[in-house]
Amino acid sequence: TLMSTHKKYSQEELNKTLWSAADSSRSSVDAGVYKDYALTMLFVKYLSDLNKKRHDEYKVRFGTDEKRIEEKMKLDRFYLPPKSSFDYLYSKIEEDNIGEEINKALHRIEDSNKEKLDGIFSVDFNSESILGKLEQRNKMLRHLIQDFAKIDLTDAGDDVIGNAYMYMIERFGADAGKKAGEFFTVRNVAKLVAMLAEPKEGARISDPACGSGGLLLLAGEEVEKLGSKNYALYGQESTGSTFQLARMNMFLHGKDSARLEWGDTLNNPLLVENDQLMHFDIVVANPPFSLKKWGAEHAESDKYNRFWRGVPPKDKGDFAFITHMVETAKPKTGRVAVIVPHGVLFRSGAEGKIREQMLKENIIDTVIGLPAGLFQTTGIPVAILVIDRSREKGGANEKKKDVLFIEASKEFKQAKAQNILTEENIVKILDTYKKRKDVVKFSRKVDFAEIQENDFNLNITRYVDTFEEEAPVDIKANLKELSALEPELQKLEKQMVEYLKELGIK
């Protein structure tokens, strides 16, 4: 049978152990694809270890009455039927058809947990086109199972495992390069967005481009910091494998009741009730930047009339996502925090008109410019828009008429692969945001009239002066330096002539 080391892992140990287990088995499969296999295997290991632990607990209560234990376990949060556990897969490790065996076991789990886990395993462990020919495939799968077999997750709490899962998604993201943006947002940037959204107890929180669900979970954590577990999470994601990752992520964090939908938010929003779009207290997202072919041709006739302010350009979906987010935030109370490329702040045409309309509605609350190079997917600097519907006519903050600009493009620590938004940076930005304070060369509140004068352009440097005086040039000191160099130069020239002579070049 299977021996795994039974120990209590610290967060860091578990992160390291799981990552090396997942990474050492990878061989030639692309990180963006391989992550789905490794994370699925981790999920099965988690279910199996949890299941074993519960079985032992029931044994203490019900003795050897296996039938009674089985009945009890069927009523639990999930049920693992025979021939579906990680131990079972481990026992099949030498079989030639190990990939097929894994697929069958996963189907058994799905069939026994229709309500919560139906369709959650979207990857084919027997795929030649992705995992290579039989021998190579089997080698990789055996490695993966053996590496995870050494890790016992029974004593790691949900949050530790959940965090480890998020950590692995990030690590795969670092390896997946450009593709990474499709499934996650760098944790600290996501954290800042969640904090700016300020969800309160009882909040309904939505992310219309939820990726693997990290930003949603961080927004939920903000409510938990207030000492309450009373909130509900909703998300929609268009990429199938990423949507399934998000479902596993929610389950691993104990958020079984999160409602996630799979589909294209702009053309087919699925978070609806009674034929209306659902409304949320908080809407957060890091949507794809300047999405081409987002569906502009159907926007005019959108059955929810989301694009009444105007249809965004067909090759730039940024304002389509922003519009959707505003329209799904509760009127007069809902809040939106969204990551956008800078072009959203100043591009003219259809986008300019939509931006002008939103400014006239008084709902744009804060514009924050972030550093370049925060994401491995793009080098461009990005911004966060905070939109607050409580500033609408009839809302609690309708008297608030200014827009706060924060120029935080210097707030980062340089690292090897990308720039990092540190805790200190986050604290500084948040403090400025919450106190709405003017800080020289960093932030400024700007009234509507000034923005109107600037043709509703929200480019941050128009409003926050970041000009640094150059130090005056000291001509005397420079001349002195030059004259000191003169003899040095003459000496070098002489030496050069000697060398050339030696080489026989006149």
Side-chain angles (χ1 to χ4, degrees), residues 1-5 14-52 78 80-113 117 119-154 161 164-165 167-169 171-173 175-176 179 183 212 240-242 244-245 247-249 251-252:
T1 61
L2 176 77
M3 280 306 294
S4 51
T5 47
L14 188 60
N15 289 358
K16 266 203 190 113
T17 313
L18 286 174
W19 175 252
S20 63
D23 195 44
S24 69
S25 328
R26 184 173 3 157
S27 69
S28 60
V29 184
D30 171 62
V33 176
Y34 177 74
K35 73 174 190 311
D36 298 328
Y37 290 89
L39 291 166
T40 297
M41 194 54 85
L42 169 59
F43 189 64
V44 174
K45 180 76 168 101
Y46 164 77
L47 294 179
S48 300
D49 286 356
L50 213 57
N51 198 54
K52 247 199 283 198
F78 66 89
L80 281 196
K83 296 188 176 177
S84 70
S85 71
F86 188 88
D87 289 11
Y88 173 76
L89 295 178
Y90 191 81
S91 74
K92 296 283 178 192
I93 207 162
E94 293 307 324
E95 308 279 331
D96 268 346
N97 65 340
I98 177 74
E100 208 181 320
E101 286 288 353
I102 297 172
N103 282 348
K104 282 186 189 156
L106 299 186
H107 283 309
R108 287 183 198 113
I109 295 174
E110 287 184 344
D111 285 345
S112 301
N113 299 275
L117 305 179
I120 200 165
F121 301 119
S122 59
V123 286
D124 175 4
F125 279 84
N126 208 28
S127 165
E128 191 164 309
S129 60
I130 298 174
L131 302 178
K133 293 238 186 317
L134 189 69
E135 205 170 309
Q136 179 193 334
R137 184 162 80 238
N138 285 353
K139 192 176 160 194
M140 192 203 97
L141 294 175
R142 282 172 189 142
H143 260 303
L144 189 59
I145 292 172
Q146 279 162 338
D147 283 342
F148 277 150
K150 300 179 189 121
I151 304 164
D152 186 347
L153 300 173
T154 42
I161 294 167
Y165 192 81
Y167 168 81
M168 283 174 67
I169 289 175
R171 286 294 300 262
F172 280 125
D175 290 0
K179 297 279 291 167
F183 56 87
S212 46
S241 57
T242 307
Q244 305 302 359
L245 279 188
R247 288 180 66 194
M248 290 186 223
N249 204 359
F251 198 88
L252 281 169

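Bear in mind the structure is a predicted one, so any value in this text is a computation, not a measurement.
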Is [Y] close to [X] at the side-chain level, that is, under 4.5 Å between some pair of heavy atoms?
| X | Y | value |
| --- | --- | --- |
| K35 | I169 | no |
| E101 | F125 | no |
| I98 | I102 | yes |
| L131 | Q136 | no |
| S48 | V44 | yes |

Item checked: K45 to F86, cation-pi by 6.0 Å centre distance and 45° axis angle ->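 Judged by the rule, K45 and F86 form a cation-pi pair.
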Distance col, row K92:NZ vs N97:CG, nearest 0.5 angstrom, shows 8.0 Å
Review point. Between CZ of R142 and CD of E95, what distance do you get to the nearest 0.5 Å?
Key: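 One finds 9.0 Å between CZ of R142 and CD of E95.
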Result for side-chain contact (heavy atoms from CB on, under 4.5 Å) between F148 and one of T17, L18, L89 points to L18
Less than 6.0 Å separating the ring centroids of Y165 and Y46?
no
Treating [X] as the side-chain partner and [Y] as the backbone partner, does any N or O pair qualify as donor plus acceptor under 3.5 Å?
| X | Y | result |
| --- | --- | --- |
| S84 | L80 | no |
| R137 | G132 | yes |
| N113 | I109 | yes |
| Y37 | D124 | yes |
| R108 | K83 | yes |
| E110 | F121 | yes |

Residue pair L47, L50: steps toward the side-chain contact (heavy atoms from CB on, under 4.5 Å) verdict: CA-CA 5 Å; L47 294 179; L50 213 57; 5.8 Å; no
Considering all heavy atoms, the nearest V123-D36 contact: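 Heavy atoms only, the tightest pair is CG1-CB, 3.4 Å.
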| message | Under a 3.5 Å cutoff, is there a donor and acceptor pairing between the side chains of D152 and T154? | response | yes
